[in-house]
Protein chains: 2
Amino acid sequence: MTSVGNERNLTIRDVAQRAGVSISTVSRVINGKKVRDELQVNVQRVLNEMNFRPSAVARSMVRGRTQTVGVLVEDISSSYYAEMIKGIERILERTGHHPLFKSSHWNLQLEEEALQVFLDHNVDAIVVVGGLISEARLQDLAARMPLVLVGRVGVSVDAPTINLDQQGGAYGATRHLIELGHRQIVHISGPTSQEDAVARRLGYLDAMRDHGLEVRPDWLCEGDFLETSAFRATMQLIENATPFTAIFAGNDQMALGVNLALHRKGLRVPDDVSVVGFDDLPVSAYVVPPLTTIRQPAQQVGELAAHAAVSLMAGEAAQLAPLDLKLIVRESTRAVRR
Amino acid sequence: MTSVGNERNLTIRDVAQRAGVSISTVSRVINGKKVRDELQVNVQRVLNEMNFRPSAVARSMVRGRTQTVGVLVEDISSSYYAEMIKGIERILERTGHHPLFKSSHWNLQLEEEALQVFLDHNVDAIVVVGGLISEARLQDLAARMPLVLVGRVGVSVDAPTINLDQQGGAYGATRHLIELGHRQIVHISGPTSQEDAVARRLGYLDAMRDHGLEVRPDWLCEGDFLETSAFRATMQLIENATPFTAIFAGNDQMALGVNLALHRKGLRVPDDVSVVGFDDLPVSAYVVPPLTTIRQPAQQVGELAAHAAVSLMAGEAAQLAPLDLKLIVRESTRAVRR
DNA sequence: GTGAAAGCGCTAACAT
DNA sequence: ATGTTAGCGCTTTCAC
């Protein structure tokens with residue numbers, strides 16, 4: 001049976017001894033440097049026999065690089081971030097780098113701690129997704145090591161930044177409803193402490209204004225990007241007899257909350273009320289009715305961020321292809337009934 | 001402004017020099033060992049001033065421990081694993097350990113590679129969730145280092161194993177349908193290459209048999225745990241005019257696929273067909289109608305696994321509290337129409 | 001209690 | 001081309 005890894009804790013010395021060469025020769029063989037054919041073959045054989053693998057820790061120590069990339073997200077288990085992480089994994093795997101994921105749960109202190117851990121562990125690059133870290137701190141980081149920012153709009157940090165046009169996406173979502181004849185459109189936003197939530201709300205406001213539609217104050221609700229908040233907001237709306245024919249939720253999770261509230265109140269989607277979400281989560285195509293939404297290419301964002309990090313680590317400039325949000329029309333929206 | 005981490009790459013020598021003491025004294029202060037009060041205060045001040053943090057890599061090198069735990073899952077971005085990961089993060093954070101997550105995508109070779117990476121990086125413990133790694137290999141690993149297994153039923157490896165009674169859960173799901181008067185119950189299982197899928201199918205079969213119900217061959221479908229497969233299977237069932245009044249899907253994602261197919265064919269849930277899922281994903285409570293399902297306490301599983309790993313690393317035996325699956329009755333099931 | 005020195009496993013000069 | 005040696009930054013004997 002082939003054993004996984006070293007039998008005990010073998011070192012390069014053990015290999016050298018067994019092969020009857022010096023440790024540098026073993027090191028050279030391991031690293032594919034020039035060695036006399038005869039020795040090369042012999043050492044390689046011993047290497048295989050002993051199932052030897054060099055210690056990544058020792059290599060990191062001497063090389064000053066660890067082949068790891070710190071990735072800071074709000075919540076690993078949230079669908080959107082999870083998708084992004086998948087993209088990051090895929091790219092880094094190819095380049096022999098290892099992502100180190102940390103969740104900060106929208107908590108500034110946890111973010112700082114995570115960064116500190118990355119620094120302590122001497123990661124070769126850091127990817128910061130969203131978050132509350134100050135611009136100054138990010139700039140500080142960027143000056144010292146490869147840093148890639150995702151979803152931090154409006155920061156002037158000297159680091160490649162990947163942003164999707166949240167405002168434009170929200171504008172498109174709202175316009176879609178308007179084009180279907182809706183005039184009374186509610187928007188349930190995410191928490192205004194988050195940039196994305198604010199940008200999307202702005203997009204909604206812009207679209208309404210551009211089409212000459214007034215926004216009733218009670219059409220603007222604030223949720224927290226989770227299902228329950230939107231569920232409650234929608235129940236409230238109905239109980240208050242607020243008039244509306246469509247709801248644009250700040251993300252798909254909240255759109256689900258909206259759906260359920262409408263269902264509870266005996267309103268049908270899309271016959272009575274049209275609903276649009278944002279993100280296009282994997283489940284969104286399968287809920288009943290399938291959700292019209294704005295697709296965020298989360299995996300691609302992750303891939304792009306990883307590519308940028310790899311470039312930076314190689315001392316090259318990062319190439320940032322523009323990524324687009326796309327309206328995905330499914331079955332939760334229809335022309336307003338006249 | 002407080003800077004994150006070291007200005008350049010400060011070492012313990014720089015601190016020693018500035019504080020006018022030896023590096024051992026600095027080391028002692030950092031590690032909270034006995035040092036003369038006067039020196040202690042002085043060194044600590046310099047430490048703070050310089051914003052010094054010891055290199056985790058160097059510490060790992062000399063201590064032989066890295067404070068990291070390798071966690072191998074099939075797919076980080078899958079809801080169920082993501083929840084578990086959250087539980088693992090939460091516990092390890094408290095003990096100062098850092099999880100290193102790897103996805104293996106149901107690919108044996110990727111699993112082996114991930115393990116190898118863990119070993120190379122000298123992780124202090126490994127948590128293997130499900131997967132295809134052979135029992136022999138796991139035993140090999142367990143003999144050499146702290147290893148915790150999750151969801152590997154029937155392996156006789158000398159390592160703490162956390163298992164939920166998948167078969168029992170499926171039995172309960174099926175019995176729930178039977179108690180509602182259903183007799184014609186379809187089961188769409190996950191891929192039979194996965195232990196969980198097989199166990200759940202067995203639970204279904206047991207329940208049917210125990211209640212004297214025959215299982216038509218075409219009531220047993222095999223999906224792949226993803227929405228689409230169940231969608232297709234359900235469409236097929238209806239097109240073949242297979243008689244059924246309820247469907248037990250192997251997981252919630254497939255239950256969503258079932259829902260959509262029923263919707264497409266004009267069948268109502270639960271009025272025409274009852275549907276039960278498995279897992280209780282965060283979204284399951286918010287789809288319309290809210291899904292009746294078997295709750296797997298994914299986060300708790302993660303927490304338990306992390307606790308076990310921590311115990312093992314401390315040289316203690318792991319305490320494994322039993323975790324239960326629970327039937328969550330929501331609105332996708334109702335008594336069969338007579 | 002404190003400092004000098006050895007050494008964790010490896011790579012990269014530097015000799016040979 | 002190969003071996004010898006000096007560290008990488010830290011912890012930990014071991015003397016004092």
Side-chain angles (χ1 to χ4, degrees), chain A residues 5-44 46-47 50-68 96 116-117 119-124, chain B residues 5-44 46-47 50-68 96 116-117 119-124:
Chain A
N6 305 337
E7 257 321 315
R8 280 172 206 223
N9 269 342
L10 295 177
T11 79
I12 206 175
R13 315 194 87 86
D14 301 310
V15 180
Q17 190 164 8
R18 180 107 94 97
V21 296
S22 75
I23 60 168
S24 5
T25 297
V26 175
S27 174
R28 288 187 183 107
V29 171
I30 290 175
N31 293 288
K33 304 200 172 160
K34 282 223 77 71
V35 158
R36 185 149 44 92
D37 281 6
E38 184 191 328
L39 282 188
Q40 142 75 32
V41 172
N42 180 38
V43 171
Q44 190 59 60
V46 175
L47 243 21
M50 301 179 85
N51 220 310
F52 178 82
R53 307 217 86 212
S55 155
V57 177
R59 291 181 129 172
S60 298
M61 170 100 270
V62 61
R63 296 216 263 233
R65 285 174 298 104
T66 54
Q67 298 290 106
T68 59
Q116 206 50 267
V117 170
L119 261 12
D120 290 351
H121 283 258
N122 198 21
V123 298
D124 296 340
Chain B
N6 305 338
E7 258 320 315
R8 280 173 202 221
N9 269 341
L10 294 178
T11 79
I12 205 174
R13 315 195 88 84
D14 301 310
V15 179
Q17 190 165 7
R18 180 106 95 98
V21 296
S22 74
I23 61 169
S24 355
T25 298
V26 177
S27 174
R28 288 186 182 107
V29 172
I30 290 175
N31 294 288
K33 305 204 168 153
K34 283 222 78 69
V35 158
R36 185 148 44 90
D37 280 6
E38 183 191 327
L39 281 187
Q40 142 76 33
V41 171
N42 180 38
V43 171
Q44 189 60 61
V46 175
L47 243 20
M50 302 180 83
N51 220 310
F52 178 82
R53 308 217 84 213
S55 154
V57 177
R59 291 182 127 170
S60 297
M61 170 99 269
V62 61
R63 297 216 262 233
R65 286 174 298 103
T66 54
Q67 299 289 104
T68 58
Q116 205 50 264
V117 169
L119 261 11
D120 291 350
H121 284 256
N122 199 21
V123 298
D124 295 341

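Numbered from 1 within each chain, the chains take letters A, B, ... in sequence-line order.
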Phosphate OP1/OP2 of C/dG3 contacted by B/T25 side-chain N/O (<4.0 Å):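 B/T25 to C/dG3 OP1/OP2: side-chain N or O found under 4.0 Å.
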Under 4.0 angstrom between B/T11 side-chain N/O and D/dG9 OP1 or OP2: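 Checking B/T11 against D/dG9: no side-chain N or O falls below 4.0 Å of OP1 or OP2.
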Sub-4.5 Å side-chain heavy-atom contact between B/V57 and A/H121: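 No. Closest side-chain heavy atoms not under 4.5 Å.
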Counting any heavy atom closer than 4.0 Å, what does [X] reach on the DNA or RNA strands: base, sugar-phosphate only, or nothing?
X: B/S55; value: sugar-phosphate
X: A/S24; value: base
X: A/V57; value: nothing
X: B/I30; value: nothing
X: B/V35; value: sugar-phosphate

Atom pair distance, as rounded to whole Å: [atom1] in [X] and [atom2] in [N]:
X: B/N31; N: D/dT12; atom1: CG; atom2: C1'; value: 10 Å
X: B/M50; N: D/dG9; atom1: CE; atom2: P; value: 13 Å
X: A/R28; N: D/dT5; atom1: CZ; atom2: C1'; value: 12 Å
X: A/N9; N: C/dG7; atom1: CG; atom2: P; value: 18 Å
X: B/N42; N: C/dG1; atom1: CG; atom2: P; value: 18 Å
X: A/K33; N: D/dA1; atom1: NZ; atom2: C1'; value: 14 Å
X: B/D120; N: C/dC10; atom1: CG; atom2: C1'; value: 13 Å
X: B/M61; N: C/dG7; atom1: CE; atom2: C1'; value: 9 Å

A/D124/A/R65 salt bridge by N-O under 4.0 Å criterion: no
DNA chain C: 5'-proximal contact among B/L39 and B/A58 (nearest heavy atom): B/L39
Polar side chain donor-acceptor pair, A/N42 to A/R18, under 3.5 angstrom: no
B/R53 CZ to A/N122 CG distance, which is reported to the nearest 0.5 Å: 13.5 Å
Rounded distance [0.5 Å steps], CZ in A/R28 versus CD1 in A/I23: 10.0 Å
Side chain of A/S22 (C-beta onward), nearest among D/dT4, D/dT12, C/dC8: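 Selected nucleotide: D/dT4.
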A/R13 or A/R36, whichever maps to the more 5' nucleotide of DNA chain D: A/R36
